[in-house]
> 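Before anything else, here's the structure in question.
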Amino acid sequence: MRKKSDQRPGYFGPYGGRFVPETLMAPLDELARSYDRVTRRRKFQRRLKNLLTNYAGRPTPLYFAERLSSTLGGVRIFLKREDLLHTGAHKINNAIGQALLAREMGKDRIIAETGAGQHGVATATAAALLGQTCTVYMGEEDMRRQRLNVERMRLLGAEVVRVDAGSRTLKDAINEALRDWVTNVRTTHYVLGSVLGPDPYPRMVRDFHKVIGQETRRQLRKQVGQDWPHLAVACVGGGSNSIGLFSAFLEESRTRLIGVEAGGSGQELGEHAARFRGGRTGVLHGTKTMVLQDRHGQIAATHSISAGLDYPAIGPEHALLHDEGRVEYTAVSDAEAIEAFHLLAATEGILPALESAHAIAEAVKHARHLSSKKVVVINLSGRGDKDVESVLDYDAEKSESERQEAGADRHPAETWKHVVWGGDR
Ligand SMILES: *Cc1c(COP(=O)(O)O)cnc(C)c1O
């Protein structure tokens with residue numbers, strides 16, 4: 001368990017903190033104070049609950065995936081269906097929470113960064129709902145790859161600002177959003193999209209997602225007769241959907257918790273986004289945590305087939321949970337995630353987000369070794385409509401190279417049956 005000395009405000013053991021220019025200290029102080037004050041109010045909690053229930057679609061089902069379970073040998077697999085939320089992923093929990101907080105703080109302009117566009121869409125949605133103006137920063141490269149989400153944001157009334165700096169992706173968009181915030185802090189709240197960044201963001205974003213774990217507990221009690229699973233699995237980009245689920249079970253020693261990072265296409269720096277595989281302590285975007293970097297300390301390039309997991313740093317609380325050994329972190333490759341995507345489609349009629357497919361792939365590896373009495377919960381963080389093109393491209397490329405190698409010519413959706421789901425690679 002955590003020692004008293006680990007309880008410095010804004011820190012998770014040695015990780016977290018506020019590594020920001022001085023101009024950001026006052027706004028962060030104001031935000032932390034308002035967050036603590038406002039979210040304690042019953043009226044705020046009532047409003048939040050009302051929107052999450054009647055607008056976003058909470059509680060989300062905890063669905064017993066019977067065909068998937070029997071395909072994998074009988075262990076009882078439950079899917080927490082965050083994919084059924086409005087806008088298609090868990091991100092709306094946090095976007096609505098922070099947009100409501102901004103209103104309580106008297107700020108009628110909200111800004112956000114986005115990579116693949118999922119957080120941008122969630123934030124633009126919350127802003128439209130609450131009558132706020134919204135600006136979303138997005139790298140030029142990401143805008144090109146995610147045209148549909150750019151148009152969704154615009155249709156929701158948001159201004160999408162193209163970022164041409166650096167690698168023209170998520171980390172550059174965060175830099176620009178921070179710059180905007182410093183300049184316009186009197187009127188503007190910055191809605192950060194994961195458990196990253198300086199305090200209070202990692203704990204604030206976590207708290208807005210705790211509802212995932214709280215619901216899961218209640219639903220398990222009702223459906224299974226025990227309010228904890230033997231195993232809970234979630235994918236980890238920044239780490240918000242996973243901490244939302246895990247936080248309900250951190251004190252439950254019978255529950256094994258596994259966070260799944262993007263193993264990408266290989267083991268070399270630049271081929272994956274697995275921060276616990278080759279990452280070192282460093283500072284990125286205002287927080288001290290595990291960061292993928294080269295030997296000079298420059299932020300490394302990352303790769304994942306799922307845009308939501310493709311980020312060089314992990315939320316600071318996860319770095320501590322890793323050191324404490326309370327949560328295990330593994331990595332699933334692009335290929336394994338694609339197989340899991342097809343598996344869930346074929347057995348349950350659900351297209352998962354490729355991020356969530358990483359969690360499914362990891363659960364599959366464990367299911368074989370678990371007795372049929374065991375209960376497994378997988379956080380299905382989002383739906384896969386956004387990823388259809390990526391999956392098709394991947395499969396086309398794969399069957400092309402397979403044809404060249406072996407003359408094989410089977411339908412990609414069949415491939416999962418032939419895969420041996422061994423242990424870790
Ligand atoms: C953004 C996203 C993720 C990764 O973010 P976390 O903060 O780690 O949860 C995972 N799944 C989906 C569907 C996402 O949109």
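Just so you know, ligand 1 is whichever comes first in the structure, and atom 1 is the first atom listed for that ligand.
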> Return the set of residues passing side-chain hydrogen bond (donor to acceptor under 3.5 Å, both in side chains) with D36 (not counting sequence neighbours), or none when no residue passes.
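If we apply the side-chain hydrogen bond (donor to acceptor under 3.5 Å, both in side chains) test to D36, skipping adjacent residues, the hits are R203.
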
> Note every protein N or O atom lying under 3.5 Å from an N or O atom of ligand 1, pairing the names and giving the distance.
from: ligand 1; atom 1: 7 (O); to: S194; atom 2: OG; distance (Å): 2.6
from: ligand 1; atom 1: 7 (O); to: G239; atom 2: N; distance (Å): 3.3
from: ligand 1; atom 1: 7 (O); to: S240; atom 2: N; distance (Å): 2.8
from: ligand 1; atom 1: 7 (O); to: S240; atom 2: OG; distance (Å): 2.6
from: ligand 1; atom 1: 8 (O); to: G237; atom 2: N; distance (Å): 2.7
from: ligand 1; atom 1: 8 (O); to: G238; atom 2: N; distance (Å): 3.3
from: ligand 1; atom 1: 8 (O); to: G239; atom 2: N; distance (Å): 2.7
from: ligand 1; atom 1: 8 (O); to: S240; atom 2: N; distance (Å): 3.4
from: ligand 1; atom 1: 9 (O); to: H90; atom 2: NE2; distance (Å): 3.0
from: ligand 1; atom 1: 9 (O); to: S240; atom 2: N; distance (Å): 3.4
from: ligand 1; atom 1: 9 (O); to: S240; atom 2: OG; distance (Å): 3.1
from: ligand 1; atom 1: 9 (O); to: N241; atom 2: N; distance (Å): 2.9
from: ligand 1; atom 1: 9 (O); to: N241; atom 2: ND2; distance (Å): 2.8
from: ligand 1; atom 1: 11 (N); to: S381; atom 2: OG; distance (Å): 2.7
from: ligand 1; atom 1: 15 (O); to: K91; atom 2: NZ; distance (Å): 2.6

> Quick one: side-chain hydrogen bond (donor to acceptor under 3.5 Å, both in side chains) partners of Q146, sequence neighbours excluded?
none

> Mind jotting down which residue pairs meet the salt bridge (charged side-chain N to carboxylate O under 4.0 Å, His left out) criterion with at least one end in residues 83-98? Sequence neighbours excluded, please.
R81-D83

> Return the OG1 to NZ distance between T330 and K365, rounded to the nearest 0.5 Å.
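Reported to 0.5 Å precision, the distance equals 6.5 Å.
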
> Give me the ring orientation class for Y311 and H285: parallel if the planes are under 30° apart, tilted from 30 to 60°, perpendicular past 60°.
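Answer is parallel, since the angle falls under 30°.
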
> Could you walk me through whether K80 and E215 satisfy the salt bridge (Lys or Arg N to Asp or Glu O under 4.0 Å) test, starting with their C-alpha distance in whole Å, then the side-chain angles of each, then the deciding distance to 0.1 Å, before giving a yes or no?
CA-CA 9 Å; K80 183 58 175 162; E215 284 177 10; 2.7 Å; yes

